Amino acid sequence: MFTDLDLPGNLQNSLESLGYQSMTPIQSQVLPVALAGRDIIAKAKTGSGKTVSFGLVILKNLDSTTYVPQSLVLCPTRELADQVADVIRQLARATENIKVLTLTGGSSARTQATSLHKGAHIIVGTPGRIEDHLGRGTLNIDKINSLVLDEADRMLQMGFQESIERIIKLLPEKRQTLLLSATYPDEIKTIADNIMQTPAMISIDTTHSNDDIQQLFFRIKQQQDRTRAMQLLLLKHQPESALIFCNTKISVKEVTNFLKDKGFAAIALHGDLDQKDRDQNLIRFSNLSSNVMVATDVAARGIDIDKLDVVINYELSKELDIHVHRSGRTGRAGEQGKVWTLYDSTDRYRIEQLEKHFNIKIENHTLPADHVLSTTPAKSATITLEINAGKKQKLRPGDVLGALTAEDGINGTSVGKIKILATRAFVAVDRGDVNKAREYLRKIKGRSYKTRIL
Ligand code: ADP
Ligand code: MG
């Protein structure tokens, strides 16, 4: 129980208001040790609750009356930084005046510099942008007492190692360092040795048991059969949310175009998209307005979706760790996940590695029969509406929900996720209620707005 921990009352209050009672396994191992001040390396699979583990530690180390950055959290992507900052803000909500600032490529460095100048306690950012601010002299890290490397394996994979090392050189030596990762490659060991003081190594077994995830493998004889194999699987099972992984951007584009051509409302996620399209695509997929998303590993970082029916490996990943990572995205929250992997004869070595890792015997499954090709892809249950206003216009989720459900508006149960960005907002509504929803969204709190179907 969180109440057994040595935590200040305001943090206990936030935990209570968030409805968190029992700790996840990683939290119950990390927190007692980390709250006592020790450096930590924590390895646990995606979705195991690592954010709350380090969030509580940095908040405990914080003096909110001094307006200088005291905690630095490094993350691999902007989406992840935003998520982490949101969690920290939630944990800090019973404490007055704690300022959490994200420093990532998502917004202008000048605006960020202004916010920094006004004062911030906790900085969450990507290594590139943090270095940028250090170079400009707009970020002062002399008083940092807690450093967190979140998703350390991903940061290394994305080539941030040197950047991280340069940042760490500038930090005070007397500090607490927490490193979180889903996997623990050798490079992390080396870094950890350099930047941590006799860390406690805490590891919750990352391999899913075979009960958590059903892994099915489908052998592809010729390259041109790959897209068709995927089409057969999707048509046969009609998953509500399927994430398809490709090894390259080019594959992502090809596969997305193929699926669109076959009538699927597939969306792509890769590094060439601009921020606006990226946000929009992620929102549509996570609120179930699109059933299929095709992504590269890097681009898929930061996707936080509770209910991923299936992960499809259009191509087997080059590394075992990546396969484990991909697999970890399905089967959350106690439900059995599914991973479907397409492989060919050149993958033999990697298949053997997987057999060892998961302790399974990999057999070739038969693809669904061709007659499913006459089925049409199911339409998504919801549709996303974009509203031409956001945080800048002081629009809040409650306002949108209120407008939609006012008087004889649509039923609250037909309203899905609401996401408010700086100048735009998105709401998912049941397909059948779209027209009515648009009508009710014309006026929110007395002001007129425009909506658009995505
Ligand atoms: P990780 O960083 O390990 O991938 P997250 O920190 O993102 O995982 O947590 C995954 C989910 O678990 C989040 O939705 C979070 O709100 C939830 N969660 C975290 N801790 C608890 C807890 N003690 N009880 C219930 N839910 C929790
Ligand atoms: Mg995490």
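When a ligand or atom number is given, it counts from 1 through the structure's own listing order. Computed from a predicted model, the values in this text were never measured in an experiment.
- Looking at His323 and Gln215, their side chains do bring a donor and an acceptor atom within 3.5 Å of each other.
- The heavy-atom pair separating Arg424 from Asp279 by the smallest distance is NH2-CB, 4.3 Å.
- Ring geometry, Phe218 versus Trp340: the interplanar angle exceeds 60°, so the pair is classed perpendicular (tilted spans 30 to 60°).
- Separation of the His365 and Phe217 ring centroids does not fall under the 6.0 Å cut-off.
- Against a heavy-atom cut-off of under 4.0 Å, Lys45 is close to the following atoms of ligand 1: 3 (O).
- The contact set between ligand 1 and Phe2, taken as ligand atoms under 4.0 Å from a residue heavy atom, comprises 23 (N).
- Distances from ligand 1 to the non-hydrogen atoms of Gly47 include at least one value under 4.0 Å.
- Ser317 contributes atom OG, which lies 5.5 Å from atom CD1 of Ile322 (distance to the nearest 0.5 angstrom).
- Atoms of ligand 1 found under 4.0 Å from any heavy atom of Thr51 (numbered from 1 in listed order, with element): 2 (O), 5 (P), 6 (O), 7 (O).
- Between the side chains of Thr138 and His133, a donor-acceptor pair is found at a separation under 3.5 Å.
- The part of Gln27 lying near ligand 1 is the side chain, judged by heavy-atom distances below 4.0 Å.
- No N or O atom of Val52 sits closer than 3.5 Å to an N or O atom of ligand 1.
- Checking Met23, Met1, Lys50 against atom 3 (O) of ligand 1, the nearest heavy atom belongs to Lys50.
- Which of Gly55, Ser22, Ala42, Pro25 comes nearest to atom 22 (C) of ligand 1 through a heavy atom is settled by distance: it is Ser22.
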